[in-house]
Amino acid sequence: MDIQQNISIGVVEALKSLYDLEVELIDFQPTRKDFDGDLTLVVFPYLRSSRKGPEQTAVEIGEYLKEKLNEVEDFNVVKGFLNLVISDKPYVDFLSENSSVNNFGFVEVNENSTSTMVEYSSPNTNKPLHLGHIRNNLLGYSVAEIIKASGNKVYKTQIINDRGIHICKSMLAWEKFGEGATPESTGLKGDKLVGAYYVEFDRAYKVEVKELVNGGMEQKEAEKRAPLMLEAQQMLRSWEAKDAEVIKLWEMMNKWVYDGFEVTYNNLGVDFDKNYYESNTYLLGKEIIAKGIEKGVFFKKEDGSVWCDLTAEGLDEKIVLRSDGTAVYMTQDIGTAIERAIEFGVDEMIYTVGNEQDYHFKVLFLILDKLGYDWAKKLYHLSYGMVDLPSGKMKSREGTVVDADDLMVEMTDTARAISEELGKLEEYSEEKKAELYTEIGMGALKYFMLKVDPKKRMLFDPKESIDFNGNTGPFIQYTHARIKSILRKAGDVAKADYTALKLHDKEKELVKHLMNYPNVIQLAAKNYSPALIANYSYDLVKLYNSFYQNVSILKAEDEVVKSMRVDISAFTASVIASSMKLLGITVPERM
RNA sequence: GGCCUCGUAGCAUAACUGAAUAGUGCACUUGAUUACGGCUCAAGAGGUUACAAGUUUGAAUCUUGUCGAGGUCACCA
């Protein structure tokens with residue numbers, strides 16, 4: 001039984017008996033360091049019922065609790081704050097009972113668990129992944145892991161945007177300028193190769209537009225009339241008409257991209273239970289649009305384009321099908337959502353997509369709701385802010401885009417440089433060393449990206465992220481490695497019954513924090529926020545380091561105390577490893 | 001211009017969703033260690049939480065306005 005819960009019941013009883021007040025939920029906060037105590041109750045909300053001043057009310061509740069509950073050893077009152085001093089006993093008992101529990105803090109999944117689908121990554125197939133995708137992937141993966149740990153059945157998925165005008169541009173450019181180049185012939189990663197032709201298209205297209213403008217045409221008109229653009233559009237129509245040649249080219253080039261993505265995903269350590277392809281879902285989308293017209297959810301304009309009128313909801317009219325009958329983004333997303341709902345019967349879906357698409361998802365959810373799907377209310381857009389660089393915004397035109405693969409290599413290289421300088425790995429084989437450098441480099445990258453609240457725009461400073469001091473992944477990894485070193489030295493310490501011991505302040509703080517891990521998992525799941533897990537881990541590590549510095553573990557006063565401190569250490573190491581795993585980060589035994 | 005986000009020490013960020021003197025890291029000052037791994041610990045300095053009103057016993061958090069940054073209003077995705 002949770003200590004807080006026990007005391008919470010006590011407070012409910014106290015309020016009932018003292019002031020005849022019925023309260024359901026009591027909210028405690030940890031007592032601030034500068035005051036004496038462990039848990040704090042804010043009594044302001046109860047003043048109306050007590051009809052007394054805050055101090056007096058707090059004293060009355062405090063006396064009641066001290067008398068009725070063993071755990072409450074003492075209390076003090078500062079203004080309207082009732083600080084409760086909790087005896088060591090429940091904490092020591094907790095430690096003894098949980099320090100070696102597997103998956104401490106995780107809630108088991110069963111048949112009745114809510115099922116959640118988490119979509120993330122969802123790349124276009126015309127260019128390689130960049131820094132922005134990294135934030136997306138790490139976030140989506142981590143949120144999925146956290147929600148799983150909180151007790152939900154989770155399906156990870158992505159929708160691969162494999163069709164549309166963008167891939168046609170790459171295809172067209174390859175056909176015109178590629179001279180049969182392949183990943184094998186060029187030695188380029190498939191996604192990089194296809195991306196290069198997308199850039200090539202853009203270059204050639206701009207030349208055409210410029211020529212037209214020089215010939216006296218308006219800029220906008222020129223952009224529409226440039227031969228390359230018309231050809232690309234024609235290609236898209238041919239694709240939708242299933243033209244054999246076009247399909248063949250499309251399949252070949254997409255395959256290159258998928259092979260490239262697979263490498264990147266592997267290095268990132270993310271995975272998916274199911275991939276969806278827009279080339280499969282856009283047709284369902286079109287069907288739904290047709291039905292939606294009959295239902296009156298959509299309407300057709302004279303030119304044949306189909307729209308949804310959302311002006312009543314304070315939004316605009318939104319196009320859902322082009323006048324030439326081809327699908328737009330919205331068409332596909334409607335189809336994809338419905339297909340998933342049918343296939344997995346999930347209770348809720350989470351879309352990990354950047355905040356520049358806030359409007360799109362607002363509209364999508366609204367349309368699905370109008371179409372009458374009851375699950376439309378359980379859709380959530382996990383919207384995250386852009387990633388800026390110290391030099392400013394990433395802009396493809398200015399070539400300031402940070403490539404995902406390049407960045408990962410760079411992180412690993414830096415980890416190697418720093419580790420070699422410290423030279424603590426002589427006995428490791430080259431292979432093991434390489435593994436470790438990757439582990440540290442990726443730990444640095446992932447922690448840096450995930451410790452920031454997803455909603456917020458963030459600044460990615462490669463230099464700072466790889467700093468092994470302070471609030472970073474490697475710092476946490478280091479603490480873990482050091483604890484492991486102590487545990488190796490401790491060997492098999494006979495487990496003594498230490499439940500009668502009095503705790504050192506540092507020990508008590510640490511145990512209190514460990515005790516809170518299950519709550520943090522729930523809170524992080526509810527808020528879709530890996531940042532809460534990251535901050536929790538960092539606090540844990542700091543508390544441990546302080547404990548480590550203040551008391552001696554292996555040279556403890558006696559065997560009973562030593563046994564307890566070893567337990568605290570082992571427990572801390574396992575919670576560090578567990579919480580890092582929720583962020584997709586592994587922790588080494590040595591580093 | 002309409003709508004949506006966001007403004008917290010020099011920089012990067014936190015605050016359990018309304019509670020105590022706004023935490024933490026980097027950078028800066030000072031100190032500890034004959035080591036259970038110094039990639040550590042302890043202490044110091046640094047803030048009118050963009051600004052102005054309002055609600056409240058209590059506001060970084062809620063309301064309104066001003067200023068600033070970004071996003072979005074495509075038959076692009």
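The basis for the numbers below is simple: all heavy atoms, side chains too, and nothing from hydrogens, waters or symmetry mates. Residue numbering restarts at 1 for every chain, and letters A, B, ... go by the order of the sequence lines.
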Do any side-chain nitrogens or oxygens of [X] fall under 4.0 Å of OP1 or OP2 in [N]?
X        : N     : answer
A:Lys79  : B:U21 : yes
A:Lys489 : B:G37 : yes
A:Arg322 : B:A74 : no
A:Ser546 : B:U40 : no
A:Lys555 : B:C36 : yes

Hey, is A:Tyr359 doing a stacking thing with B:U72, by the 5.5 Å centroid and 30° angle criteria?
-> no
Please report, rounded to the nearest Å, how far the [atom2] atom of [N] is from the [atom1] atom of [X].
X        : N     : atom1 : atom2 : answer
A:Ile319 : B:C76 : CD1   : P     : 7 Å
A:Lys451 : B:C26 : NZ    : P     : 10 Å
A:Gln233 : B:C76 : CD    : P     : 7 Å

Before accepting this row, confirm whether a basic side-chain N of the pair A:Glu439/A:Lys433 lies closer than 4.0 Å to the acidic partner's carboxylate O.
-> no
So does A:Asn545 reach the base of B:A42 with its side chain, donor to acceptor, closer than 3.5 Å?
->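 Looking at the base of B:A42, it does not pair with any donor or acceptor on the side chain of A:Asn545 (distance under 3.5 Å).
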Base, sugar-phosphate, or nothing for [X], non-hydrogen atoms under 4.0 angstrom?
X        : answer
A:Lys362 : nothing
A:Thr40  : base
A:Phe475 : sugar-phosphate

